[in-house]
Every structure is written in structure tokens, then in C-alpha cells.
Amino acid sequence: NAGVTQTPKFRILKIGQSMTLQCAQDMNHNYMYWYRQDPGMGLKLIYYSVGAGITDKGEVPNGYNVSRSTTEDFPLRLELAAPSQTSVYFCASSTGKETQYFGPGTRLLVL
Amino acid sequence: QKEVEQNSGPLSVPEGAIASLNCTYSDRGSQSFFWYRQYSGKSPELIMSIYSNGDKEDGRFTAQLNKASQYVSLLIRDSQPSDSATYLCAVNKNDYKLSFGAGTTVTVRA
């Protein structure tokens, strides 16, 4: 049981490039989330999903897109990367209103 | 007003002492409360959850909730160097999302 996995662990992007951050969970959780964490700050919700085919915006969705075609996978797409998107990105999953389980994170640097 | 506020820290305590972390929240309808621990460069991991007023103990950790005062705290007894981390308070407003505080960094001095 791998829990929540994320790839890549670290990536450097040039301004204007695009990329997809991958997230997968094997716990059969319906709810999945994407957060970003800037230095010294808490977690800010980017997007979340309550099940396959259903996604919704969080606090800071601008510059990002998501899709949820399966229960297991919840990729985050960055279009036209900007320096403001330099951050650590965490994916999480849960059964609902209870504990969220986090992946190991993806560290992104946009130069 | 931020949804979830934590004492800013950093908090430095000697080994064996009690570390006290505080968190206040703005939404009176909040239902569930969580404390996550995050080591430097790692992901958050849940250490305590609390849903009703009063104290909840788990080993060296005690969470305290006072919904009337909109306040939740975490006590770490007999602090160990391995407790050195950032502690995040998270609040659920009876939906599927959590609001996180900025975290309090704790350093336990040997």
C-alpha cells in the first residue's frame, strides 16, 4: 500500500513553460486535493475533487488546471509557468471530512 | 481576519519540558480540528484530531478544544529533540476542505 505518491520530486521550469504534476493514491479515496506551500506559510488549497469527473476550485486556482478521470489519479497542470508559482506542491486524499493523507510533495522552481 | 491563526513562534523549549501550541479559528460552525506535524522538507502527517469540547490525550500529546472560545491547543509533554518540527493547525467547516494555519515551529533544546 503506497498511499499517496507524487512525481516528480523536483523540477526546474523556465518562465512560460508548462508541466503536469502527477498524483496517485491507492486507498480508494473519493476526495483528493492539491495544495501549495510557500516558505513559512501554511497550505493553500488550489483545487480539489470529490470523485472521478468532479473538480472544484480552492483558494488559489489561477494558473492551474486539474482533471480527475479515475479515482486513483489527480494530475495538476501548470500552464505558462510564472516565478510566483515557485513553491512546494502537495497532493492529499481522504474519505471525506476526516483525516487527509499527504504525498511527499513536488518542489517546483520557476526561473 | 484569517480563518485559522496560530501563535507565530518559533517556540524553543528545553528537553523534557512542555510545549504549548495555540490555534484560534474564525468560523463558529467549524466541526473538526486537526494537528499535523511537518518535519523540514517533508509532508504533513496527522498527529491528533479532536471533534468535541475538552481534552484528548494520545501518548505525550494532548489536544484541547473550546468551541465557545473558538480555540484549540496542543500540548507536548516531556518534549524530545524528535519533536522539533512545524506544527500545523487545520480546521474543517463541515465540508470536505481543511483550512490551515501558518504553523508554529518548535525547537527542542537538548
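Just so we're on the same page: letters track the sequence lines, and every chain starts at 1.
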Honestly curious: do Ile15(A) and Leu13(A) fall in one hydrophobic cluster under the side-chain, below-4.5 Å linking rule? yes
Residue Tyr35(A) versus chain B: region with a heavy atom under 4.5 Å: side chain
For Lys42(B) and Phe90(A) the tightest heavy-atom approach is O-CZ, 3.7 Å
For atom OH of Tyr89(A), is the number of surrounding heavy atoms from other residues, nucleotides or ligands below 6.0 Å larger than 12? yes
Counting only heavy atoms closer than 4.5 Å, note whether Glu45(B) contacts chain A via side chain, backbone, both or neither. neither
Please answer whether the main-chain N or O of Gly103(A) pairs with a side-chain N or O of Ser43(B) as donor and acceptor at a distance below 3.5 Å. yes
If I take atom CD from residue Gln100(A) and atom CZ from residue Phe34(B), how far apart are they, to the nearest 0.5 angstrom? 8.0 Å
Quick check on the structure: residues of residues 44-61 of chain A within a heavy-atom distance below 4.5 Å of chain B, by number. Leu45(A), Tyr48(A), Val50(A)
Verify, without hydrogens or angle tests, whether Tyr33(A) (side chain) and Tyr96(B) (backbone) share a donor-acceptor contact under 3.5 angstrom. yes
Report the distance from atom CG of Leu88(B) to atom CD of Gln37(A), rounding to the nearest 0.5 Å. 6.5 Å
Could you state the interatomic distance from OG (Ser94(A)) to CG (Leu46(B)), rounded to the nearest 0.5 Å? 11.5 Å
Give a yes or no on whether Phe74(A) and Leu21(A) share a hydrophobic cluster (residues Ile, Leu, Val, Met, Phe, Trp, Tyr; joining criterion: side-chain heavy atoms under 4.5 Å apart). yes
Shared hydrophobic cluster for Trp35(B) and Ile76(B) (ILVMFWY, side-chain gaps under 4.5 Å): yes
Within 6.0 Å of CE in Met27(A), more than 12 heavy atoms from elsewhere: yes
Decide if atom CZ of Arg107(A) counts as having more than 12 heavy atoms of other residues, nucleotides or ligands within a radius under 6.0 Å. no
Tell me whether Tyr101(A) is reachable from Tyr87(B) by hopping between hydrophobic residues (I, L, V, M, F, W, Y) whose side-chain heavy atoms are closer than 4.5 Å. no
